[in-house]
Amino acid sequence: MPELPEVEVVRRGLERWVAGRTVESVEVLHPRAVRRHPGGGADFAARLGGRTLGVPQRRGKYLWLPLEGRDLSVLGHLGMSGQLLVQPQDSPDEKHLRVRVRFDDDLGTELRFVDQRTFGGLSLHENTPDGLPDVIAHIARDPLDPLFDEGAYHLALRARRTTLKRALLDQSLISGVGNIYADEALWRARLHYERPTATLARPRSAELLGHVRDVMNAALAVGGTSFDSLYVNVNGESGYFDRSLDAYGREDEPCRRCGTPMRRRPWMNRSSYFCPRCQRPARVAS
DNA sequence: ACGGCTACCTGCCCGC
DNA sequence: TGCGGGCAGGTAGCCG
């Protein structure tokens, strides 16, 4: 399940292996993979052919490759199961190969978008004046972005009439946080997922944000070590998931702080994992 | 306007 | 063994 750290690992891999290369041809093998492209698969392939890819960018869980010399980008989202792979041209097609990009050079590799559940996809979009694909203008800066505005984030939390985890998953407030890192950051901050955002004083929101950054940087440190090979990793199985999670997936296992069995609660068609002792609901305001 | 809910999709895993 | 159902969940879009 790729969240920000996994997407950043992919971005680095793309920078290493495809930036600067010119597209020869594009093959769309599944229409759903380009459903966000306004013109459909044939148009996507036609417009990308012959273009040279610039340095890949990322905001939250979105990444995009600007096309050199034009205000146009290839936008990608991995969804739940998407992978961007740089593979030898002669290696067998993956079972869920959705898009293939061939290059006009003799490096012998091609870019492949592979996606089992087809929640992800690729598309072409005009850039806004600040170089962002127009369709993601509503996505907030992510917590690893140097220009992330912490003061504005705190004020937005105070203004919202919602709960903490919803706010963490709201990509228009802060981007890049998914279910896993939301639970991890809340556990680290000892905050209940249903605590009203408006009750959070500035030091507590700053602390929560610090934990979000810490858990993402820890995952990045682990996942970021494997991209320096031909295989542009990318399915999010960085290894971090198995070893370093304190909350996510740990139902009935002892809390690593206090030993109390962790709980799982159905929440918004998914699950929230938390320690019932460390992460108590806030006292009800009178 | 805004919060909140659900459809979209496939494979795995469990229970019967 | 096979099948059905639950579960995984990011995002857009819709509903109230």
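Below, chain A is the first sequence line, B the second, and so on; all start at residue 1.
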Polar atoms only, N or O, under 3.5 Å: list the protein pairs with nucleotides 13-16 of chain C and their distances.
none

Requested in this report: Give the intermediate values and the outcome of salt bridge (Lys or Arg N to Asp or Glu O under 4.0 Å) for residues A/D246 and A/R256.
Outcome: CA-CA 7 Å; A/D246 292 312; A/R256 293 205 168 111; 3.1 Å; yes

Report task. Take A/K165 and A/D183, measure what salt bridge (Lys or Arg N to Asp or Glu O under 4.0 Å) needs, and give me the verdict at the end. Result -> CA-CA 8 Å; A/K165 186 163 170 182; A/D183 280 2; 2.7 Å; yes

Report task. Determine, stepwise, if the pair A/D170 / A/R160 fulfils salt bridge (Lys or Arg N to Asp or Glu O under 4.0 Å). Result -> CA-CA 11 Å; A/D170 186 338; A/R160 281 294 169 107; 3.0 Å; yes

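Each of A/W267, A/Y193, A/W187 was scored for a ring-ring contact (aromatic ring centres under 6.0 Å, His included) with A/F274, with one residue passing: A/Y193. Each of A/H96, A/E27, A/E94, A/Q83 was compared with A/R112 under the side chain to side chain donor-acceptor pair (under 3.5 Å) criterion, and only A/E94 meets it.
A donor-acceptor contact shorter than 3.5 Å is absent between the side chain of A/R204 and the backbone of A/A201. For A/T162 (side chain) and A/R166 (main-chain N/O), no donor-acceptor pair under 3.5 Å exists by modelled atom type. With A/Q279 contributing its side chain and A/L191 its backbone, the two residues share a donor-acceptor pair below 3.5 Å.
A cation-pi arrangement is present between A/R21 and A/F103 under the rule of less than 6.0 angstrom and at most 45 degrees off the ring axis.
For A/R32 and A/T118, the side-chain atoms include at least one donor-acceptor pair closer than 3.5 Å.
Distance CD1 (A/I139) to P (C/dG10): 13 Å, rounded to an integer number of Å. To the nearest angstrom, C1' of C/dT11 lies 16 Å from CG of A/L4. Rounded to whole Å, the distance from CD1 on A/I180 to C1' on C/dA8 is 10 Å. At whole-Å resolution of the value, CG in A/L169 and P in C/dT11 are 9 Å apart. Atom C1' of nucleotide C/dG10 and atom NE2 of A/H138 are separated by 11 Å, given to the nearest angstrom. Atom CG in A/L168 sits about 12 Å away from atom P in C/dG10, given to the nearest Å. Separating the CD1 atom of A/I136 from the P atom of C/dT11 is a distance of 11 Å, rounded to the nearest angstrom. Put simply, CG on A/L75 is 10 Å from P on C/dA12, counting in whole angstrom units.
With axes fitted over five pairs at each extremity, the angle between the ends of the helix from B/dC2-C/dG16 to B/dC16-C/dG2 is 60° (10° resolution).
Of the candidate nucleotides B/dG4, C/dA8, C/dA12, C/dA8 has the atom nearest to the side chain of A/R264. The side chain of A/R166 has B/dG4 as its nearest neighbour among B/dG4, C/dG10, C/dA12.
The two atoms that bring A/E68 and A/L53 nearest to each other are OE2-O, 3.7 Å, heavy atoms only. Between A/L29 and A/L97, the closest heavy-atom pair is CB-O, 3.8 Å.
Using a 4.0 Å heavy-atom cutoff across all strands shown, A/R35 reaches no nucleic acid atom at all.
The side chain of A/Y181 contributes no N or O atom lying less than 4.0 Å from OP1 or OP2 of C/dG10.
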Report task. Report, as a single string ordered 5' to 3', how protein heavy atoms within less than 4.0 Å touch nucleotides 7-13 of chain B: B base, S sugar-phosphate only, - not at all. Result -> -BBBS--

